[in-house]
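Have a look at this one before I ask anything.
To find a chain, count down the sequence lines: A is the first, B the second, and so on, and within it residues start at 1.
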2 protein chains.
Amino acid sequence: MSSRRDNTTTKLDDAARAGWLYYIAGNTQDEIAAKLGISRQSAQRMVSLAVSEGLVKVRLDHPIANCLELASRLKKQFDLRFAEVVPTDPASSSTTLGVAEVGAEEMARWLKSPEAIIMAIGTGRTLKAAIEQLSPMECPQHKIVSLTGSIAPDGSAAFYNVIFNIADAIKARSFPMPLPVIASSPEERELLHAQTMIRPVLELAAKADVTFLGIGDLGDDAPLYLDGFVSQGELKALQKAGGVGEILGWSFDSEGRMLEGLTNERVASAPIPSGGNSLVIALAKGAKKRPAIAAAVKGHLINGLITDEATAAALLKA
Amino acid sequence: MSSRRDNTTTKLDDAARAGWLYYIAGNTQDEIAAKLGISRQSAQRMVSLAVSEGLVKVRLDHPIANCLELASRLKKQFDLRFAEVVPTDPASSSTTLGVAEVGAEEMARWLKSPEAIIMAIGTGRTLKAAIEQLSPMECPQHKIVSLTGSIAPDGSAAFYNVIFNIADAIKARSFPMPLPVIASSPEERELLHAQTMIRPVLELAAKADVTFLGIGDLGDDAPLYLDGFVSQGELKALQKAGGVGEILGWSFDSEGRMLEGLTNERVASAPIPSGGNSLVIALAKGAKKRPAIAAAVKGHLINGLITDEATAAALLKA
DNA sequence: TCATTTAATGAGTAATTGCCCATATTAATA
DNA sequence: TATTAATATGGGCAATTACTCATTAAATGA
């Protein structure tokens with residue numbers, strides 16, 4: 001008892017133990033209670049704690065035929081180098097369910113590489129959900145670079161910036177970008193990018209081997225607006241100019257062409273990587289994002305996509 | 001659906017889908033049944049098929065998980081009735097850290113039993129460290145019996161004899177063994193064992209419900225030698241005869257076979273309990289003790305083990 | 001075609017689990 | 001030290017899941 005660090009640690013240890021006995025060893029909660037000398041209710045609490053703390057990871061090792069089919073058609077039709085489709089749960093309103101898990105797996109696959117890679121990371125709710133699924137690992141050989149600013153309009157750390165969450169789970173060198181997402185003027189953007197702290201990050205970003213990012217819609221409740229990065233007026237202007245989506249703050253029209261002027265001339269994020277071998281994977285699903293995703297794949301802003309069955313089917317039909 | 005090859009494939013696909021909806025999306029089987037248009041029972045069958053076909057993989061992201069895994073493999077491979085593995089702290093040089101705490105917990109678990117039990121106790125540094133972790137408790141119903149002498153070669157109370165330390169913490173009837181660990185001759189051993197004070201202790205020891213003991217190595221700095229129970233010459237002889245470890249002073253070779261003659265014909269300790277239901281748990285870890293532990297489990301000198309991750313992994317590899 | 005075997009289905013039921021609530025225990029604070 | 005707040009515990013019950021069994025549908029082969 002003396003060597004234990006603190007209460008939380010002990011509790012998580014016990015939870016892990018209970019979770020192991022339940023999920024791996026196949027004990028019932030009654031059996032666990034007996035083995036651990038606690039009541040059944042406590043055993044139940046521990047198991048559920050292990051789940052809610054994310055200690056328990058469930059994976060399904062089966063290429064569900066329809067998903068596979070859709071993925072391969074997506075790859076072909078939109079000239080993608082990577083596509084993954086997860087089943088749609090019609091009843092769930094989650095905008096990340098499934099996509100986040102698969103995204104995390106794909107990230108982990110890259111991070112497991114013994115060779116040093118540069119992984120670039122965007123931002124957004126979906127990506128954040130994916131990061132939460134990442135299992136801790138040590139990979140000091142890799143560099144993880146943020147493509148977009150970590151500063152919210154009010155000066156605080158942006159909630160949906162994920163580079164710091166990654167750094168918690170993955171022991172790799174990480175490069176955040178201490179910038180706002182959108183500067184107040186083109187001049188300020190240039191000034192910010194000229195900073196000695198920023199330039200190496202931008203250079204690193206341009207050389208990324210693989211990039212994971214989210215896609216935002218430009219509807220009336222666009223994340224860019226909800227999070228306060230653009231004003232309502234600016235959003236209206238983007239919509240009027242034909243904008244249907246944004247990546248890293250860069251807005252584009254339904255053909256995937258970047259909009260000229262407007263907020264785009266003040267976006268402080270790095271450009272979307274597009275070098276020859278660089279893999280740019282977007283994580284996105286949902287009816288609301290469909291036009292944005294369609295535009296992004298049409299305009300080859302991305303060359304990889306993780307989405308769900310319904311979205312994939314809709315993309316193929318359009 | 002067009003690409004499905006045959007019935008089995010389809011079934012597995014559906015099972016995978018059901019498994020996904022259940023484990024990843026968190027649906028109940030009723031919901032799955034509704035969504036897939038099948039009965040609840042069929043949904044249940046599909047989910048369980050997904051599990052039995054190994055489509056569902058559960059992983060536990062916690063250091064404890066590996067320990068539990070190792071423990072269950074130890075139990076299986078060495079036919080142990082009890083095995084507990086604690087995480088290895090690579091930074092610590094302690095030979096008892098973790099093992100002592102868990103040993104104490106296990107002792108406490110037994111002592112909490114309302115039914116009267118006989119607990120036998122060996123000796124050694126690890127065991128002493130374990131006893132120090134014991135919380136005081138009242139259990140007059142139990143008997144605690146020492147398996148080995150409490151007299152150092154110089155006639156003083158042996159430092160690493162732990163029965164008296166137990167008696168401090170635990171209010172139970174305790175039975176020390178006022179003997180040397182190794183007598184000066186086989187004859188003296190017989191004489192000592194014939195004493196009216198000793199015989200009941202030996203009889204009690206033979207009936208122990210559970211035994212906790214340490215394992216000593218027979219390297220050049222064997223505890224048996226350091227504590228002055230055997231001379232350097234005797235130690236060399238033991239090594240030459242193939243001795244790799246000792247329990248209670250009884251030396252054995254790498255297969256866990258007791259050595260013939262030498263100091264073994266003068267050991268005054270009780271024999272290692274081995275009755276049908278008796279649980280004999282050793283507390284030991286560390287590279288130095290590895291051959292001794294391996295021999296003890298191979299030769300079934302013990303049927304319970306508390307050790308650490310590194311030692312457990314090495315034992316399994318050997 | 002018909003008998004026979006085999007697999008699939010759903011009803012019923014026992015076992016297991018999730019959760020709420022009252023109580024006890026522990027920790028924090030005055 | 002006494003009081004209060006926070007937390008943990010176990011009883012009880014409803015929801016969920018696992019399993020058995022009888023029945024039905026499909027497949028097989030003469």
- prompt: Rounded to the nearest 0.5 Å, how far does CD1 of B:Ile306 lie from CD1 of B:Ile281?
  reply: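 Separation between the atoms: 5.5 Å.
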
Margin query: If I take atom OG1 from residue A:Thr88 and atom CZ from residue B:Arg17, how far apart are they, to the nearest 0.5 angstrom?
Written below: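 Taking OG1 in A:Thr88 and CZ in B:Arg17, the distance rounds to 8.5 Å.
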
Residues in contact with DNA chain D, drawn from residues 33-46 of chain A - heavy-atom cutoff 4.0 Å |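 When residues 33-46 of chain A is checked for heavy atoms under 4.0 Å from DNA chain D, the hits, listed by number, are A:Ser39, A:Arg40, A:Gln41, A:Ser42, A:Arg45.
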
About how many Å separate CH2 of B:Trp110 and CD1 of B:Ile118, when rounded to the nearest 0.5 Å?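 B:Ile118 atom CD1 to B:Trp110 atom CH2 measures 11.5 Å (nearest 0.5 Å).
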
**Message:** Could you check whether any side-chain N or O of A:Thr311 sits under 3.5 Å from a backbone N or O of A:Gly286, counting only pairs where one atom can act as donor and the other as acceptor?
**Reply:**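 Yes; at least one donor-acceptor contact below 3.5 Å.
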
Rounded to whole Å, please give me the gap between CG in B:Asp30 and P in C:dA11.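 Answer to the nearest Å: 12 Å.
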
Between B:Asp209 and B:Lys143, does any side-chain N to carboxylate O distance fall below 4.0 Å?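 Here B:Asp209 does not pair with B:Lys143 in a salt bridge, since their nearest N and O are not under 4.0 Å apart.
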
Q. How sharply is the helix from C:dT1-D:dA30 to C:dA30-D:dT1 bent, taking the axes over five pairs at either end and rounding to 10 degrees?
A.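 For the helix from C:dT1-D:dA30 to C:dA30-D:dT1, the axes at either end differ by 30°.
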
Exercise. Using a distance-only test with no angle check, is there a side-chain donor-acceptor pair under 3.5 angstrom linking A:Asp89 and B:Asn27?
Worked result: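 Side chains of A:Asp89 and B:Asn27: pair found under 3.5 Å.
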
Under 3.5 Å, is there a donor-acceptor pair between the A:Arg40 and A:Thr28 side chains?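 Per modelled atom types, A:Arg40 and A:Thr28 side chains form no pair under 3.5 Å.
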
(Q) Looking at C:dT17, I'd like to know if its phosphate oxygens (OP1 or OP2) sit under 4.0 Å from a side-chain N or O belonging to A:Tyr22. (A)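 Yes, such a contact exists.
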
Task: Residues A:Glu132 and A:Asn165: side-chain donor-acceptor under 3.5 angstrom - done: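 Side chains of A:Glu132 and A:Asn165: no pair found under 3.5 Å.
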
